[in-house]
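Scroll down for the structure; my scribbles are underneath it.
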There are 2 protein chains.
Amino acid sequence: MSYSISEFGQKVGLTPHTLRYYEKEGLLPFVHRSSSGLRVFTEKDIEWLVIITCLKNTGMSVKQIKVFIDWCMAGDSTLEQRYHFFVDHKKVVQAQIKKLEACMDKINYKIEYYRKALTQTTSERQAHERTCLEMEKKKLIGE
Amino acid sequence: MSYSISEFGQKVGLTPHTLRYYEKEGLLPFVHRSSSGLRVFTEKDIEWLVIITCLKNTGMSVKQIKVFIDWCMAGDSTLEQRYHFFVDHKKVVQAQIKKLEACMDKINYKIEYYRKALTQTTSERQAHERTCLEMEKKKLIGE
DNA sequence: ACTTGACTTAAAGTTAACTCTAAGTTGTAG
DNA sequence: CTACAACTTAGAGTTAACTTTAAGTCAAGT
């Protein structure tokens with residue numbers, strides 16, 4: 001089974017434009033051409049795009065991804081580099097997740113804050129303020 | 001306690017340049033000025049920058065953050081909008097975390113794949129290939 | 001008084017990753 | 001056989017978020 005650039009684009013969620021751009025940047029050296037010069041994409045290329053998309057989604061630049069692709073093309077002599085590439089990138093992604101989770105905590109706090117502010121009417125909030133003031137006064141008096 | 005633009009930049013992890021840029025974009029309408037026109041940052045401003053940084057870290061654009069800041073400046077009439085703003089953004093961040101975790105799975109798979117490829121010598125891999133071929137043959141014969 | 005360093009502004013420059021344009025070729029449906 | 005959509009290329013344009021530059025002001029130290 002083979003695909004044209006737009007069929008393939010649909011499959012992997014990229015436009016033909018972006019695929020040509022990726023090819024120009026050296027990310028797709030494995031893509032074949034038809035006798036008339038059209039790009040012919042295969043099932044195997046989907047797997048390549050899955051990993052490229054994964055790296056892209058985790059913030060890796062096109063240049064860095066190219067380094068990995070070049071290693072893949074170079075054959076078994078680069079297995080160790082590729083291993084370390086993923087081990088290093090795993091750390092980056094772990095840090096990203098941790099950062100997002102810390103932000104999530106702040107967002108949850110804000111949601112709780114605004115939820116309370118909304119369920120409480122203005123007069124209730126003012127009443128609460130008055131109660132607090134009363135208690136402060138009593139403390140000061142020594143009661 | 002108040003801070004100059006560079007002291008404050010150190011505190012919140014941004015350069016004076018970036019702080020001025022944020023102000024120009026309308027993200028910091030709460031920052032005061034000294035009699036000579038210098039920006040004077042306070043402790044309270046740190047809290048503002050914490051939430052701005054949180055929104056920025058979770059992929060929100062400067063323009064979107066400005067919408068939130070404008071609501072804050074407008075007072076209590078925007079409490080409900082602000083509540084929904086965070087509820088909506090929470091969904092975005094949850095999706096981001098989910099996506100990163102899916103990528104993490106692929107990265108872990110790759111690490112495992114390359115680890116195996118490295119611990120196995122080439123001859124071992126070739127032997128494994130031969131064994132598989134033998135088994136295929138036996139199946140075909142009907143053994 | 002003078003130098004130094006931090007501040008001010010407006011505006012131009014940078015970078016990555018697309019995204020689009022223009023000009024031309026190819027292949028299939030009517 | 002002709003229209004028309006989809007493909008090809010090189011190269012220019014776009015966008016966001018900074019980042020730097022240029023030209024100038026201000027306040028503190030020697």
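Sequence lines set the chain letters: A, B, ... in the order given, protein chains first and strands last, and positions in each chain run from 1. Note that this is a predicted model, so its numbers are computed, not measured.
Heavy-atom contacts of chain B under 4.0 Å fall on DNA chain D between two terminal nucleotides, which in 5' to 3' order are D:dA17 to D:dA27.
Pairs of residues two or more places apart, or lying in two chains, that qualify as ring pair (Phe, Tyr, Trp, His ring centres under 6.0 Å) and include a residue from residues 13-33 of chain A are A:F30-A:W48.
Checked by atom type and distance alone, the side chain of A:D70 never pairs as donor or acceptor with a backbone atom of A:V67 at under 3.5 Å. Although no hydrogens or angles enter the test, the distance criterion places a donor-acceptor pair under 3.5 Å between the side chain of A:S61 and the main chain of A:Q64. Between the side chain of A:E25 and the backbone N or O of A:K66, no donor-acceptor pair lies under 3.5 Å.
Atom CD in A:E25 sits roughly 10 Å away from atom C1' in C:dC18 (whole-Å rounding).
Using a cutoff of 4.0 Å between basic side-chain nitrogens and carboxylate oxygens, B:K98 and B:E101 are not scored as salt-bridged.
Shown here are the side chain to side chain donor-acceptor pair (under 3.5 Å) partners of B:S36, two or more places apart in sequence or in another chain: B:S34. Applying the salt bridge (charged side-chain N to carboxylate O under 4.0 Å, His left out) test to B:R82 and every residue at least two apart in sequence or in another chain returns nothing.
Residues A:L14 and A:K56 are in side-chain contact: their nearest non-hydrogen atoms beyond the backbone lie under 4.5 Å apart.
Regarding contacts with the backbone of C:dC20, every side-chain N or O of A:Y21 stays at 4.0 angstrom or more from both OP1 and OP2.
The stretch residues 93-102 of chain B has no heavy atom under 4.0 Å from DNA chain C, so no residue of it qualifies as close.
Residues A:T15 and A:S35 both approach DNA chain C. Their nearest nucleotides, taken by heavy-atom distance, put A:T15 toward the 5′ side.
A distance of 10.5 Å separates CG of B:L55 from NZ of A:K106, quoted to the nearest 0.5 Å.
Remark: the B:Y3 side chain and the B:E43 side chain contain an N/O donor-acceptor pair separated by less than 3.5 Å.
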- Message: Base contacts versus sugar-phosphate-only contacts with protein, heavy atoms under 4.0 Å: please encode nucleotides 5-10 of chain C as B, S and - from 5' to 3'.
- Response: -SSBB-
